[in-house]
Amino acid sequence: MAGRTAALSDQERVRREKLEALRALGVEPYGGRFERTHTAARFHEQFGGMSAEALEARPIAVRMAGRMMQKRRQGKAGFAHLQDMTGRFQIYLRQDVLGDTAYEVYKLADIGDIFGVEGTVFRTKTGELTVLVRQFVLLAKSLRPLPEKFHGLKDVELRYRKRYLDLIMNPDVLRTFLLRSKIVRALRSILDAEGFVEVETPTLQPIPGGAAARPFVTYHNALDMEMYLRIAIELHLKRLIVGGIEKVYEIGRVYRNEGVSTKHNPEFTMLELYQAYADFTDIMALTESLIARVAEEAVGTTRIVYQGQPIDLTPPYRRAHMVDLIREATGVDFFRPMSVDEARALARAHGVEVAPHMTVGHIINEFFEQKVEASLIQPTFVYGHPVEISPLAKKNAADPRFTDRFELYIAGREHANAFSELNDPIDQRERFLAQLKERELGNEEAHRMDEDFLEALEVGMPPTGGLGIGVDRLVMLLADQPSIRDVLLFPHMRHAPKEG
RNA sequence: GAGCCAUUAGCUCAGAGGUAGAGCACCUGACUUUUAAUCAGGGUGUCGCAGGUUCGAAUCCUGCAUGGCUCACCA
């Protein structure tokens with residue numbers, strides 16, 4: 001890190017000199033616990049309605065703490081603003097009230113230092129609620145200058161790499177992460193209230209499964225085996241359904257070894273839940289209710305605006321078959337039985353790109369992704385995914401080319417994926433075998449054979465509805481953030497910065 | 001992985017072949033109700049890195065690094 005090897009900047013040198021000056025005054029620059037009576041928010045709530053006269057007539061003592069963000073000294077007195085997690089408050093310091101030593105500490109104070117104060121509440125001439133400080137305690141000396149007070153920290157790279165500076169300087173950023181916390185809390189409390197059991201399952205797995213994605217590979221020394229970071233939670237939760245935990249969920253990190261973008265981070269947070277004796281229509285109802293209730297709880301409304309676009313999250317959501325949507329958009333009717341060659345010809349004619357391993361079902365999905373997906377702004381349940389791209393979903397009873405599966409699209413992005421879980425172990429084995437063929441044809445993301453999971457299914461899994469929700473995307477939507485990096489405290493960056 | 005753009009003081013940014021700039025921050029001094037405090041003075045720098053062109057490069061060229069955006073893959 002810079003400070004250690006590189007020469008100190010001028011400002012860093014000055015701050016270290018002040019550190020010594022403080023010690024010479026007998027002041028310890030790194031203090032201990034400091035009991036507070038008020039946060040900034042509570043301070044403004046409680047005293048905001050009181051007049052200068054009322055405050056003067058009956059002085060109220062407070063103890064508060066925070067990081068110094070502004071300092072305005074004028075000779076033998078001065079002001080400063082301290083910032084805590086809830087906001088800022090002003091303090092007023094006078095040499096004749098504080099005494100010479102404490103006032104000297106104020107004179108040596110830098111933007112970024114953390115102080116505890118004790119004093120009484122008053123209003124200044126300009127009306128600002130302020131603490132007249134009687135006791136001024138240095139709790140932590142800051143040895144590096146903070147970003148500029150007016151423009152703040154704008155450099156996107158620095159904001160992500162040094163998120164603590166971003167949080168100090170940009171109140172909106174803190175708000176976004178507090179909202180994220182609220183959203184996750186709301187998801188938990190709603191599911192808990194619905195009788196779902198929260199569990200934790202392995203993230204290190206011998207066979208990665210439950211999704212189509214390339215895994216991260218790692219190595220277990222003692223067991224002398226390769227292991228994978230999980231790409232989904234699915235297969236373990238279904239084992240728990242087999243085990244009799246009839247309503248089960250997990251909110252956890254999954255890892256996919258793929259590109260980084262404004263919409264993708266190599267590790268992201270999924271909510272997966274499974275409900276025995278339900279099917280995908282039950283899950284649809286649960287999904288829209290869950291999203292609406294989370295929106296109500298986190299942002300207070302289901303009528304939100306995302307990146308300038310009004311979006312109404314009030315249930316019920318539109319339901320549309322994938323094939324109908326493709327027909328609306330392109331005129332192509334995939335309900336009509338057709339050969340792979342026919343489907344490929346249609347793809348060529350409509351400029352839809354296809355890969356060598358693709359069969360009719362894959363091509364239908366490509367049509368959907370390339371021609372329909374981006375236009376689904378209002379919440380839409382797209383159901384009836386082709387069986388080839390849904391190796392873990394039950395086939396539709398009336399038309400086995402498709403599955404009882406849906407994805408929820410909002411703002412042109414997939415927000416949820418759900419289906420009636422395939423509980424026929426014979427069919428599941430055939431699906432895995434078909435996936436293995438795809439793998440041989442070059443689809444690296446095809447599902448692997450998982451004998452242990454098949455064994456669980458053979459014991460018998462009740463009919464089950466399952467759901468996965470991308471929590472980061474839900475936060476992006478509700479927090480109106482355009483990039484996944486703005487809802488991850490420490491998003492992945494290409495490389496660590498060089499030494500020095 | 002590809003294309004486009006960016007990288008100059010602690011931070012936010014100007015400068016487009018000829019002595020390295022501004023605001024904030026910082027340093028010195030003044031100031032006991034200020035609030036982007038004010039006033040007087042002070043520039044603190046490996047112009048991302050490495051080569052090249054040139055009498056001379058922050059500026060032009062090449063490569064590299066990092067980041068952003070778009071695309072590809074995915075959720």
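In the text below, chain A, chain B and the rest are named by the order of the sequence lines, each starting its count at 1.
The CZ-P distance, from Arg16(A) to G10(B), rounds to 15 Å in whole Å. Distance Gln74(A) CD to C31(B) P: 11 Å, rounded to the nearest Å.
Aromatic stacking is marked for Phe268(A) over A75(B), as both cut-offs hold: 5.5 Å for the centres and 30° for the planes.
More than 90° away from 0 lies the glycosidic angle of A65(B), which makes this nucleotide anti.
For U32(B), its base sits under 3.5 Å from the side chain of Asp96(A) at one donor and acceptor pair at least. At a cut-off of 3.5 angstrom, the base of U34(B) holds at least one donor-acceptor pair with the side chain of Gln90(A). Between the side chain of Gln11(A) and the base of A25(B) there is at least one donor-acceptor pair of N/O atoms closer than 3.5 Å.
If you check G21(B) for Watson-Crick or wobble pairing at under 3.5 angstrom, you find it paired to C13(B). If you check U53(B) for Watson-Crick or wobble pairing at under 3.5 angstrom, you find it has no partner at all. Nucleotide C73(B) forms a pair with no other nucleotide shown, judged by Watson-Crick or G-U wobble geometry with both contacts under 3.5 Å. Across every strand in view, U7(B) sits in a pair with A65(B) that passes the Watson-Crick or G-U test at under 3.5 angstrom.
Under the salt bridge (Lys or Arg N to Asp or Glu O under 4.0 Å) test applied with Arg230(A), the options Glu272(A), Glu267(A), Glu250(A), Glu200(A) reduce to a single match, Glu250(A). Under the side-chain hydrogen bond (donor to acceptor under 3.5 Å, both in side chains) rule, His151(A) has a single partner from Lys149(A), Lys154(A), Glu148(A), which is Glu148(A).
As judged by a 4.0 angstrom heavy-atom cut-off over every strand, Ala80(A) is placed among residues making no nucleic acid contact. The residue Lys71(A) sits apart from the nucleic acid: no heavy atom pair falls under 4.0 Å. Residue His415(A) is out of contact with every strand shown, counting any heavy-atom pair closer than 4.0 Å. At a threshold of 4.0 angstrom between heavy atoms, the contacts of Lys154(A) are confined to the sugar-phosphate backbone, with no base atom among them.
Note: Phe419(A) and Phe280(A) fail the aromatic proximity criterion, with ring centroids not under 6.0 Å apart.
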So which protein N/O to nucleotides 69-73 of chain B N/O distances come out below 3.5 Å?
unit_1	atom_1	unit_2	atom_2	d
C69(B)	OP2	Arg485(A)	NH1	3.0
C73(B)	O2'	Glu445(A)	OE2	3.2

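With RNA chain B read from its 5' end, the first of the two nearest nucleotides for Phe79(A) and Pro147(A) is the one closest to Pro147(A).
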